[in-house]
2 protein chains.
Amino acid sequence: MTTGRGRPRDAQIDAAVLQVTAEVLDQQGYRGVVIEDVARRAGVSKTAVYRRWPNRYRLTIAVLEDRLGRIGAPSTGCTLCDLHECLVLTTDAFCRLGAGTLAQLIAEGGDDPSAHQHLTEAVLDPPRQAVHRTLFEARERGDLRSEVDLPLVVDALSSLVFYRLLLGADPMSPEEIEAVVIALLRGIATDADALLREAAGHEEHQPQS
Amino acid sequence: MTTGRGRPRDAQIDAAVLQVTAEVLDQQGYRGVVIEDVARRAGVSKTAVYRRWPNRYRLTIAVLEDRLGRIGAPSTGCTLCDLHECLVLTTDAFCRLGAGTLAQLIAEGGDDPSAHQHLTEAVLDPPRQAVHRTLFEARERGDLRSEVDLPLVVDALSSLVFYRLLLGADPMSPEEIEAVVIALLRGIATDADALLREAAGHEEHQPQS
DNA sequence: ATGAATACGAAACGTACCGTAGCGTAAAAG
DNA sequence: CTTTTACGCTACGGTACGTTTCGTATTCAT
């Protein structure tokens, strides 16, 4: 490892395994990620897989890192629009991942604290931080009261998206997201009505609905 | 089953198994609920367990039904106090259950829709409905704007408790719950300031802090 | 060129836990 | 006293994990 001795790893194996894992994940969720099957479908030996990732959990996380690495955080200066956009993107990202898979990953991480941390860093934090950044900018701009507990508000918004996907009948719709953001903004903004007026001016979002 | 023919079931077995399962659940979470072990610790055969519950998931749910069946919903007429109390109770109930266990149960239910339904009815809905009832009474009383989407607000509050337990560094503190309730109330109350004043009068809660 | 180090595939293995089935015995109803 | 059901014991088949062994291939270092 330190010196470049010995036969080098075949990069195509990494690629093939990640690829197959991603497919399986989409089709059958985390349950479907069975190392032996993945290896066969990738035309690779089980040994080769375990040489790269210590277990199926970490293999899965590796796939998700690629996918959810960055949530593009918008920054138009319109607090309501930005927040809304941010949460819609988060919802989409999680939806694509799938409720069952997400639940299973969290459950798996429950035992091993380092596993939980990996999941958090790779999957959960990115969208959270996008929301945080958005709120931070809003506060810098003077849109929010200075005493607001930012992390708590971030939790309040993220959690909803999360919860609805995991346990609700269906995930959050853009309309519901908007309703919640507006309600919450009334509680934490210096001048909520001004923010609403500003957002009304930017209503070139979706002319439909 | 229909006629009372044959040897009757030993009620002590039911009790012993439920008891042991509850203990194991507290000590080692859902993972620890291994039928063979539970049976041995209860001094009972594996067969006897499977005769009563079809699988370990349902056995676990049966235990939780006893525990979380009812969350006592307060109804003092003070919207803020009631909500606060309600959420604190919910947090406590979930905390006792444990983050890992909760995650694993949700994950398990991900596949089987009927399993998911059982979990929802036995564990997730009771606290939700307590919050819902509280909000409903508040609206009846005229404390909330009439156009408020009640289920959505219920989700917003429940989700936070839930999310923080599952993924946060630590579960919600009473202070944080209060902060969120106040912020949200500003967004959905007809006269939030009046509610805050009323709550201030009821401050015999915890003289500490 | 030769040897150490590492990767690859194939196969078998050990472990854990699931849920089921057969069998002999015990306890109730008719 | 026969039928029905419960109970315990034991064994089984199944799935998936992650590990190990072994023979072969590939690369670097000397």
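So that the names make sense, note that chain A is the first sequence line, chain B the second, and so on, each numbered from 1. FYI, side chains are in, hydrogens and waters are out, and symmetry mates aren't considered; it's all heavy atoms of this structure.
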Enquirer: Side chains of T79(A) and R141(A) only: does a donor on one sit below 3.5 Å from an acceptor on the other?
Expert: yes
Enquirer: Can D125(A) and T120(A) be counted as having a side-chain donor-acceptor contact under 3.5 angstrom?
Expert: no
Enquirer: So V49(A), base contact, sugar-phosphate only, or nothing? Heavy-atom distance under 4.0 Å.
Expert: nothing
Enquirer: Could you work out which one of dC8(C), dC7(D), dC18(C) sits closest to the side chain of R7(A)?
Expert: dC8(C)
Enquirer: For E36(B) and dG8(D), what is the distance between atoms CD and P respectively, to the nearest whole Å?
Expert: 14 Å
Enquirer: Kindly determine whether L64(B) and L105(B) satisfy side chain to side chain contact (heavy atoms under 4.5 Å, CB included), including the steps that lead there.
Expert: CA-CA 11 Å; L64(B) 299 183; L105(B) 289 175; 3.4 Å; yes
Enquirer: Verify the distance criterion only: is there a donor paired with an acceptor across the side chains of E23(A) and Q19(A) at less than 3.5 Å?
Expert: yes
Enquirer: Figure out the CZ/C1' separation between R40(A) and dG9(C), and round it to whole Å.
Expert: 14 Å
Enquirer: On the side chain of K46(B), is there an atom forming a donor-acceptor pair with the base of dG8(D) - under 3.5 Å, no angle test?
Expert: no
Enquirer: Which sits closer to the 5' end of DNA chain D, G6(B) or P8(A), going by the nucleotide each is nearest to?
Expert: G6(B)
Enquirer: Calculate the interatomic distance between D37(B) atom CG and dG19(C) atom P; express it in whole Å.
Expert: 13 Å
Enquirer: Would you say dC7(D) has OP1 or OP2 under 4.0 Å from some side-chain N or O of R52(B)?
Expert: yes
Enquirer: Compare side-chain N and O positions of R56(B) against OP1 and OP2 of dC18(C) and report whether any pair is under 4.0 Å apart.
Expert: yes
Enquirer: From OH of Y50(B) over to C1' of dG8(D), roughly how many Å is that when rounded to an integer?
Expert: 16 Å
Enquirer: Rounded to the Å, how far apart are D14(B) CG and dC7(D) C1'?
Expert: 13 Å
Enquirer: Look at the side chain of I35(A) and decide which nucleotide, out of dT26(D), dC17(D), dG8(D), has an atom nearest to it.
Expert: dC17(D)
Enquirer: For dA29(D), does either OP1 or OP2 sit under 4.0 Å from a side-chain N or O belonging to R5(A)?
Expert: no
Enquirer: Starting from P on dG9(C), measure out to CD on Q12(A) and report it in whole angstrom.
Expert: 11 Å
Enquirer: Determine whether the side chains of E121(B) and Q117(B) contain a donor N or O and an acceptor N or O closer than 3.5 Å.
Expert: yes
Enquirer: Please report the distance, rounded to the nearest Å, between CZ in R9(A) and P in dT6(C).
Expert: 11 Å
Enquirer: Using only side-chain N and O atoms of R51(A), determine if any of them is under 4.0 Å from OP1 or OP2 of dC8(C).
Expert: yes
Enquirer: Choose from dC17(D), dC17(C), dC7(D) the nucleotide whose nearest atom is closest to any side-chain atom of V34(A).
Expert: dC17(D)
Enquirer: Using only modelled atom types and a 3.5 angstrom limit, is any donor from either the side chain of T47(B) or the base of dA6(D) paired with an acceptor on the other?
Expert: no
Enquirer: From CG of D10(A) over to C1' of dC8(C), roughly how many Å is that when rounded to an integer?
Expert: 9 Å
